[in-house]
Structures are given as structure tokens and as C-alpha cells.
Amino acid sequence: MKATAERLENNQVKIDVEVDAEQFSKAMDQAYRKLVKKVSIPGFRKGKTPRVVFENFVGKATLYNEAVEIVVPDAYMEAVKTTGIEPVSQPQLELVQVEEGKPVIFKATVRVKPEVKLGQYTGLQVTKPVSEVTGEDIENELKKLQERHARLANLEEGTVQQADIAVIDFVGRQDGVEFEGGSATDYSLEIGSGSFVPGFEDQLVGAAIGETREVTVTFPEDYPNEDLKGREAVFTVTVKGIKRKEIAELDDEFAKDVSEFDTLEELRTDLANKLKEAAEKRAQQQINSEAVKKAVDNAEVDIPDEMIETRLEEMIENMERRLMQQGMTMENYFKYTNSSLDELKNSLRDDAARGVKTTLVLESIAKQEKIEVSDEDLENEIIRMAKNYQQDPKVLRKILEGQNQLEYVRDSLQQQKTIEFIAGRAELVEGANQKEAE
């Protein structure tokens with residue numbers, strides 16, 4: 001097989017392919033063996049008709065068409081490999097010559113990955129985030145630990161206060177008529193959590209155990225339920241119980257109860273170290289992000305629409321998976337947000353285009369700088385992933401191989417190494433405190 005490629009305008013490439021006559025002859029034999037089993041010809045058992053008789057009966061063009069279907073797809077894929085192009089769309093095929101005893105000649109025009117004109121990507125000026133861990137940060141973490149390990153005590157008497165868990169029965173009505181989804185029994189509601197319609201929780205503050213109150217609220221204009229948005233409703237609420245958090249004192253006993261440390265001071269030191277590590281990680285991510293953004297902005301590339309559409313489909317599929325994990329379908333999402341698939345695509349299009357450009361620029365820099373991922377790098381990444389998934393590395397590798405995901409992991413590693421390359425050669429300039437920037 002012979003193949004040559006010619007680059008055209010608008011990221012298109014034309015491939016001229018020639019398949020030798022012997023290969024086409026074999027395809028004709030294969031086409032005959034396939035079709036003869038499907039066609040009944042008078043005087044012959046199905047599948048036993050001689051080829052000459054079969055050709056006269058169905059016409060040689062039928063065999064040509066079937067042979068072309070056998071030869072051309074494989075020849076096209078081989079031509080793609082031979083010429084080294086990277087298609088991003090389906091090819092438009094044009095048959096030039098199809099005749100038994102002669103080579104099959106065809107042309108394939110296809111959109112390919114665009115060429116990237118790189119700008120500056122080393123020595124970029126990037127703001128250095130100032131990440132300080134203060135005593136207040138540590139105390140806030142200790143308060144979170146207190147909240148997390150607080151004991152809920154059932155009150156025998158008393159009234160609802162902020163941060164209490166109120167156990168309630170409620171029935172919601174509009175114009176005196178109960179509405180669907182507006183009632184529940186023995187519902188545990190944390191006062192101040194903001195999980196109910198604005199104003200609902202505040203109106204329960206001060207209610208005693210056993211007390212019934214009328215709570216009037218107005219549903220927000222952006223409420224998902226079309227029948228309720230912007231409308232007023234009255235809830236009849238009965239407080240059946242109150243649970244109040246009992247916060248433990250900050251002392252050595254607390255440290256022993258919630259950690260592996262014996263003293264509160266040791267716990268504080270550990271929290272400080274973890275906060276510092278997290279702050280440094282966030283700072284590095286911010287540096288990486290800014291450096292890559294500048295490198296991408298400095299590059300020029302004409303992105304084919306097909307690549308943006310493919311990225312859009314990936315983004316929507318990921319979104320659909322996340323919604324399913326939350327027990328929601330795309331259909332319900334569109335209903336609740338009063339939107340459509342086209343509107344979602346339009347809202348995501350700029351992000352998709354940015355994502356494609358970023359990928360192309362990082363690939364181009366990796367190629368320019370010869371940034372590669374070794375087998376050892378890949379194996380270490382699989383070990384890291386396996387640890388996170390609590391899986392045996394060998395089992396995970398087999399799973400990844402079975403799902404054809406190994407190259408995806410390798411590409412992700414190469415992308416990360418390229419990001420680190422760009423960020424590592426950036427010029428850091430002092431900037432504002434990271435918290436203020438956030």
C-alpha cells in the first residue's frame with residue numbers, strides 16, 4: 001500500500017492511497033464468499049454458486065462495492081499511521097479507481113489536529129501566593145473538630161435555638177390546599193443550616209417542645225419547582241423534640257479522644273503542619289494554573305469545530321454521570337433549570353474551546369521539550385492510583401488495559417509533567433496574601 005498526505009487549508013489533509021491489485025483481488029474473493037451465502041440463485045444451493053455465475057447474476061459492481069467496504073477502511077487506517085496525521089473528524093472518501101486486476105486508488109479528505117504556533121512559555125511572570133497559617137486558622141480547625149465530635153443530647157424541655165436539631169412534623173399549604181412534597185413527619189432539621197426555604201428555620205427559633213406554629217414563607221424566584229417559585233406558602237409545624245450539641249472542652253482529654261495524640265499541644269502542632277501543607281499545595285496549584293493560562297494565551301491555534309464538539313460531548317457526559325450519582329437525570333435537570341441541551345452547550349462552548357486549546361498547547365510544548373512518560377513513571381502512577389482506590393496495582397493495571405485506559409493515564413501524566421515544566425521555569429513575583437486573592 002502507498003499513501004501520501006497533502007495539507008490543505010482549514011486544518012484539512014488530503015491522503016492519496018493506493019492499494020495493490022493482489023490485496024484487492026483477495027478482497028474480491030472474500031466478498032464473493034460472503035455474498036454467495038446470502039443470495040439464492042435458481043439451480044444452485046445457497047452458498048454453492050460458482051463465482052462466474054454469481055457475478056453474472058448479481059453484477060460485478062455488487063462484488064466491487066463489498067470488496068471496497070473490506071479494503072478501504074483498513075487501508076485508510078494504515079494510511080493514517082503511515083503519514084502520521086491525527087484526524088479529528090470522519091474522512092470524506094473519493095474512489096478514483098476500482099477495477100479487478102488493478103490497484104484500488106482513493107482519496108480521503110479529513111480534518112486533523114491543528115498546528116500550534118507557540119509563544120513564550122518559559123520565564124513567564126507568575127504571582128507568588130503568600131500562604132500563611134495563623135493561630136486563628138488553627139483555632140478554627142479545632143472548633144471544627146469540636147463540632148464534628150459533638151454529642152447530641154435530647155432535651156426533655158426547652159425551646160429551639162440556633163444550631164439545634166429540631167425534630168418536626170410539618171404540612172405545607174398554598175391557599176389552604178396541601179401541595180405535593182410539602183409535608184413530612186419526624187424530620188430532623190438543623191436550625192441555621194439554610195437547607196429549607198429562607199425564613200422557615202428562623203421562625204422556629206423559640207418554639208417549645210410540643211408547640212405547633214404557623215410558618216409563612218415565600219419560595220425564591222429561582223426555586224426548581226415551577227408551581228412553587230415566587231409563591232407564598234404556610235407550613236403548620238409541630239416541634240416534637242430538640243437535640244442540642246454538647247461541645248467538649250479543648251484539653252488533653254479532647255486531643256486523646258479525637259486523635260492519636262496525648263496532648264492538645266501535639267494536636268495543634270499536627271493541625272498546623274497539615275494546614276501549612278494544604279496551603280502550599282493550593283499555592284502551587286495557583287502558580288501552575290496562572291503559568292499555563294499565560295502559556296496558552298501566548299499561543300496561536302485555529303481549533304476545528306469538530307474538536308470543540310467532541311470536548312462538549314465529553315463535558316456533558318461527565319455532567320450526566322455526576323447528576324446520576326446524585327439521583328437526577330439530565331431530563332429532570334433541564335426541567336428544573338428551565339433550559340435545554342442546546343442552551344447547555346452554548347453555555348459550555350467557551351470552556352470547551354479553552355480546554356481544547358490548553359490540551360493542544362501542552363501537547364505541543366511536550367513535543368518541543370521532549371517531555372516523555374517512561375514505563376517506570378506509568379507504573380508508579382498505577383501504584384499511586386491503586387493506593388487511593390485500595391486496589392492491588394496488578395489488578396488495577398489489568399482493569400485499565402481492559403478498558404483501553406492506559407494511554408489515557410500516560411497522556412495525563414505527560415500533561416502534568418508539562419505543567420510542572422512550565423511552572424518550574426516561571427518567574428515568581430510577590431503578590432497578595434492567598435486568602436485575600438481567593
Side-chain angles (χ1 to χ4, degrees), residues 1-35 51 55 59-118 299-311 313-314 356-357 359-373 375 401 404-408 410-411 414-415:
M1 191 205 77
K2 302 175 184 176
T4 58
E6 176 188 355
R7 184 170 285 274
L8 309 176
E9 294 181 346
N10 300 321
N11 299 308
Q12 287 190 318
V13 167
K14 182 183 71 174
I15 312 176
D16 292 301
V17 184
E18 181 178 311
V19 181
D20 62 63
E22 182 181 354
Q23 188 174 346
F24 185 60
S25 178
K26 291 179 181 178
M28 287 286 285
D29 289 338
Q30 188 177 342
Y32 159 69
R33 290 194 299 272
K34 178 181 178 181
L35 294 176
R51 179 171 167 178
E55 286 182 6
K60 201 155 191 173
T62 302
L63 280 177
Y64 280 163
N65 290 339
E66 186 66 31
V68 164
E69 289 294 324
I70 294 171
V71 166
V72 169
D74 288 343
Y76 168 72
M77 294 305 298
E78 187 177 345
V80 166
K81 292 180 182 178
T82 300
T83 57
I85 66 169
E86 296 182 85
V88 297
S89 69
Q90 293 297 318
Q92 294 179 342
L93 300 175
E94 177 190 349
L95 293 172
V96 178
Q97 177 175 286
V98 178
E99 186 176 346
E100 194 170 12
K102 295 182 179 181
V104 173
I105 301 174
F106 69 90
K107 299 177 184 291
T109 304
V110 64
R111 195 92 62 183
V112 297
K113 274 188 179 181
E115 294 180 346
V116 178
K117 183 179 179 182
L118 291 172
E300 295 179 16
V301 56
D302 180 19
I303 305 172
D305 289 339
E306 290 89 345
M307 294 190 75
I308 296 175
E309 288 298 323
T310 298
R311 181 62 64 93
E313 293 298 328
E314 291 173 356
V356 172
K357 184 179 180 182
T359 298
L360 291 171
V361 170
L362 290 176
E363 285 179 355
S364 185
I365 293 173
K367 184 177 181 180
Q368 178 78 16
E369 299 294 338
K370 297 180 173 58
I371 299 172
E372 297 178 347
V373 175
D375 291 341
E401 287 174 345
N404 295 319
Q405 291 291 304
L406 274 184
E407 283 308 306
Y408 173 80
R410 189 184 291 274
D411 290 344
Q414 185 186 53
Q415 188 175 88

From [X] [atom1] over to [Y] [atom2], what is the distance, rounded to the nearest 0.5 angstrom?
| X | Y | atom1 | atom2 | answer |
| --- | --- | --- | --- | --- |
| Arg7 | Gln12 | CZ | CD | 10.5 Å |
| Ser364 | Lys117 | OG | NZ | 12.5 Å |
| Thr83 | Glu78 | OG1 | CD | 10.5 Å |
| Gln23 | Ile70 | CD | CD1 | 11.0 Å |
| Thr82 | Met77 | OG1 | CE | 11.0 Å |
| Phe106 | Gln97 | CZ | CD | 13.0 Å |

Which is it for Asp29 and Arg51 under the side-chain contact (heavy atoms from CB on, under 4.5 Å) test, yes or no, and what are the steps along the way? CA-CA 9 Å; Asp29 289 338; Arg51 179 171 167 178; 2.4 Å; yes

Got a donor-acceptor contact below 3.5 angstrom from the [X] side chain to the [Y] backbone?
| X | Y | result |
| --- | --- | --- |
| Lys113 | Leu360 | no |
| Tyr32 | Glu55 | no |
| Asp302 | Pro114 | no |

Exercise: identify the closest heavy-atom pair between [X] and [Y]:
| X | Y | value |
| --- | --- | --- |
| Gln414 | Ile371 | NE2-O, 3.0 Å |
| Ser89 | Val110 | O-CG2, 3.2 Å |
| Phe24 | Lys102 | CD2-O, 4.4 Å |
| Ala79 | Ile15 | CB-CG2, 4.0 Å |
| Ala108 | Pro91 | CB-CB, 4.3 Å |
| Asp20 | Met1 | OD2-N, 4.1 Å |

Beyond-backbone contact of [X] with [Y], side-chain heavy atoms, under 4.5 angstrom:
| X | Y | result |
| --- | --- | --- |
| Val116 | Glu363 | no |
| Ile105 | Glu94 | no |
| Leu95 | Val72 | yes |
| Glu100 | Leu63 | no |

Acceptor/donor pairs from residues 304-311 side chains to any protein atom, 3.5 angstrom cut, sequence neighbours excluded:
from   : atom 1 : to     : atom 2 : distance (Å)
Glu306 : OE1    : Arg111 : NE     : 3.4
Glu306 : OE2    : Arg111 : NE     : 3.4
Glu309 : OE2    : Arg349 : NH1    : 2.8
Glu309 : OE2    : Arg349 : NH2    : 3.3
Thr310 : OG1    : Glu306 : O      : 2.9
Arg311 : NH1    : Gly355 : O      : 3.3
Arg311 : NH2    : Thr359 : OG1    : 3.1

Checklist line | Set of residues satisfying side-chain contact (heavy atoms from CB on, under 4.5 Å) with respect to Glu372, sequence neighbours excluded | finding: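 In terms of side-chain contact (heavy atoms from CB on, under 4.5 Å), with neighbours along the sequence ignored, Glu372 is linked to no residue.
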
Check the surroundings of atom CD in Gln405: do more than 12 heavy atoms from other residues, nucleotides or ligands lie under 6.0 Å from it?
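Enclosed.
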
Next item on the list: Give a yes or no on this: more than 12 heavy atoms of other residues, nucleotides or ligands lie within 6.0 Å of atom CD of Glu401.
Entry: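 Yes, CD of Glu401 has more than 12 neighbouring heavy atoms, counting only those of other groups under 6.0 Å.
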
Short N-O contact, Lys2 and Asp16, less than 4.0 angstrom:
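A salt bridge is absent here (no side-chain N lies under 4.0 Å from a carboxylate O).
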
**Request:** Pick out which of Gln30, Glu22, Met28 makes a side chain to side chain contact (heavy atoms under 4.5 Å, CB included) with Lys26.
**Result:**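 Among the candidates, only Glu22 passes.
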
